[in-house]
Each structure stands twice: as structure tokens, then as C-alpha cells.
Amino acid sequence: MAKQKKKRNKVYTGADAAIARPIVTRITAANRSKLGQWWFDRKRILKPILITSGVVVVVIVLIIEIVRLIAG
């Protein structure tokens with residue numbers, strides 16, 4: 001079995017190497033109300049909870065209406 005050649009992991013820095021571009025970070029400011037900032041901070045956690053609870057409420061209302069129709 002032949003010896004495997006080691007892969008090159010060093011960055012090429014020769015004369016014709018690609019120029020490393022500076023990383024530009026763009027930051028935009030938003031002037032939010034206290035409620036808007038609170039929602040923005042907790043949106044990732046609260047959105048799935050609110051959607052799930054809304055679906056549960058709709059299912060419960062449907063079950064209650066079906067039982068009411070069957071019971072007469």
C-alpha cells in the first residue's frame with residue numbers, strides 16, 4: 001500500500017495569491033419604544049409559544065363545538 005500524500009493546509013501567500021479583503025460590518029440603529037424593544041428581544045422565544053397556544057385554543061373550541069352538536 002502506497003503512502004498517502006499529506007494535504008496542504010497552509011494559506012498560499014505568493015505574489016499571485018488572492019488579496020484578503022477587509023471584513024465590513026454594517027450596523028444600523030433602530031429607535032424602538034420600550035414595548036417594541038421588549039418584543040424584539042424576546043420574539044424568538046415567544047413566537048412559537050404564541051403560535052402553539054393559538055392552535056391549542058382553536059382545537060379546544062372545535063372539540064367543544066363538536067361535542068355540543070352531538071349532545072344536541
Side-chain angles (χ1 to χ4, degrees):
M1 196 164 160
K3 183 177 176 184
Q4 289 185 343
K5 185 177 178 184
K6 183 181 177 193
K7 292 183 179 178
R8 177 184 173 89
N9 59 5
K10 183 178 177 183
V11 178
Y12 182 68
T13 57
D16 56 340
I19 299 170
R21 305 254 184 237
I23 298 171
V24 177
T25 305
R26 290 195 169 90
I27 300 172
T28 57
N31 191 11
R32 295 186 182 93
S33 66
K34 287 191 176 195
L35 179 63
Q37 185 64 42
W38 182 87
W39 174 252
F40 182 79
D41 292 339
R42 291 162 178 80
K43 183 176 13 179
R44 189 171 181 175
I45 299 167
L46 291 178
K47 253 180 137 174
I49 294 171
L50 291 173
I51 290 170
T52 306
S53 59
V55 169
V56 168
V57 167
V58 169
V59 168
I60 290 172
V61 169
L62 285 174
I63 291 172
I64 290 172
E65 291 300 322
I66 289 172
V67 168
R68 189 180 294 173
L69 282 173
I70 293 172

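Both backbone and side-chain heavy atoms feed into the values below; hydrogens, waters and symmetry mates do not.
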**Report entry** By side-chain contact (heavy atoms from CB on, under 4.5 Å) - contacts of Ile63 (at least two apart)
**Finding:** Val59, Val67

Requested in this report: Measure the CG-CZ distance between Asp41 and Arg32 for me, rounded to the nearest 0.5 Å.
Outcome: 8.0 Å

Report summary line: So side chain to side chain donor-acceptor pair (under 3.5 Å) across residues 9-25, not counting sequence neighbours, yields Tyr12-Asp16

Report summary line: Output for pair (Ile64 CD1, Leu69 CG), nearest 0.5 Å, gives 12.5 Å

Query raised in the report: Nearest 0.5 Å, what's the CD-CD1 distance between Glu65 and Ile60?
Result: 13.0 Å

Query - Any pair counted as side chain to side chain donor-acceptor pair (under 3.5 Å), so long as it reaches residues 46-60, sequence neighbours left out - result: none

Query raised in the report: Is there a path of hydrophobic side-chain contacts, each under 4.5 Å between heavy atoms of I, L, V, M, F, W or Y residues, that connects Leu50 with Trp38?
Result: yes

